[in-house]
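Heads up, the thing below is written out as structure tokens.
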Amino acid sequence: PLRRFGAHTLLDAGSGPTLAFKDVGQQVVAQLLNLYLGRRGRRANIIVETSGDTGPAAIAAVRGCEHVRIFCLYPHKRVSDVQELQMITVDEPNVHVFRTEGNTDEQAEALKLLFNDERF
């Protein structure tokens, strides 16, 4: 989403698919990651916990990526209705969304335990 201001053209980072400033950057990274992994015949899993705009933006970025799967945790009743819908209505085989009880601190702690598990 480019906007013209006189002789200047600026990137409007808030006009992506989820209207979060993170959309543009995450989409670029996701597409590059998907391309890189595809060329090497590899796959990646992204695990994210969100309290709002990160989850929807990350999901929008990787939706449909053949070589990237995303697993997104969000706390029940702690994101806006719009943000929840942006996550739970994506019907793509590489997108997995889980509503959790508790808050984002508890989600973050669960991910820390996961990432500290050497078998993982």
Quick check: are there more than 12 heavy atoms from other residues, nucleotides or ligands sitting under 6.0 Å from CZ of R40?
yes
Roughly how far, to the nearest 0.5 Å, is CZ of R99 from CD1 of I88?
8.0 Å
Going by heavy atoms in the side chains, are L11 and L2 under 4.5 Å from each other?
yes
Could you walk me through whether Q107 and T100 pass the side chain to side chain donor-acceptor pair (under 3.5 Å) check?
CA-CA 8 Å; Q107 288 179 170; T100 66; 2.6 Å; yes
Closest approach of Q86 and P17, non-hydrogen atoms and distance?
NE2-O, 4.3 Å
Are I46 and F71 connected into the same hydrophobic cluster when the rule is that any two of I, L, V, M, F, W, Y join if their side-chain heavy atoms are below 4.5 Å apart?
no
Qualifying residue for side-chain contact (heavy atoms from CB on, under 4.5 Å) with L111, from L73, V48, N116:
L73
Exercise: identify the closest heavy-atom pair between R3 and D12
NE-OD2, 2.9 Å
Near E106 CD, under 6.0 Å, is it more than 12 heavy atoms from other residues, nucleotides or ligands?
yes
Is a donor from one side chain sitting under 3.5 angstrom from an acceptor on the other, for Y74 and E84?
yes
Test item: side-chain donor near acceptor, N94 and R69, under 3.5 Å:
no
Quick check: closest heavy atoms across L37 and A44, and the distance to 0.1 Å?
CD1-CB, 3.4 Å
Just by distance, do the side chain of Q31 and the backbone of V28 share a donor-acceptor pair under 3.5 Å?
no
Is T89 reaching over with its side chain to a backbone N or O of L85, donor-acceptor style, under 3.5 angstrom?
yes
Tightest non-hydrogen contact, residues S51 and T104, listed as CB-CG2, 3.2 Å
Side-chain heavy atoms nearer than 4.5 Å, only ILVMFWY residues, links allowed to pass through others: does that put I59 and V24 together?
no
Should L114 and F98 be counted in the same cluster of Ile, Leu, Val, Met, Phe, Trp and Tyr side chains packed under 4.5 Å apart?
yes
Would you find a donor on one side and an acceptor on the other, under 3.5 Å apart, between the side chain of D23 and the backbone of L19?
yes
Are there over 12 heavy-atom neighbours, none belonging to D81, within less than 6.0 Å of that residue's CG?
no
Should V79 and M87 count as side-chain neighbours, where that means a heavy-atom distance under 4.5 Å?
yes
Taking all heavy atoms of V62 and all of A30, pick out the closest pair and write down the distance.
CG1-CB, 3.6 Å
Could you go through the side-chain contact (heavy atoms from CB on, under 4.5 Å) check for Q83 and D53 one step at a time?
CA-CA 7 Å; Q83 291 165 332; D53 60 348; 4.1 Å; yes
Distance col, row C65:SG vs R43:CZ, nearest 0.5 angstrom, shows 11.0 Å
Could you tell me whether the side chain of R63 and the main chain of D91 form a donor-acceptor pair under 3.5 Å?
no
Heavy-atom nearest pair, T50 first then G55, reads OG1-N, 3.0 Å
Is the closest side-chain heavy-atom distance between H96 and I70 below 4.5 Å?
no
Output the distance between atom NE2 (H76) and atom CG (N103), rounded to the nearest 0.5 Å.
13.5 Å
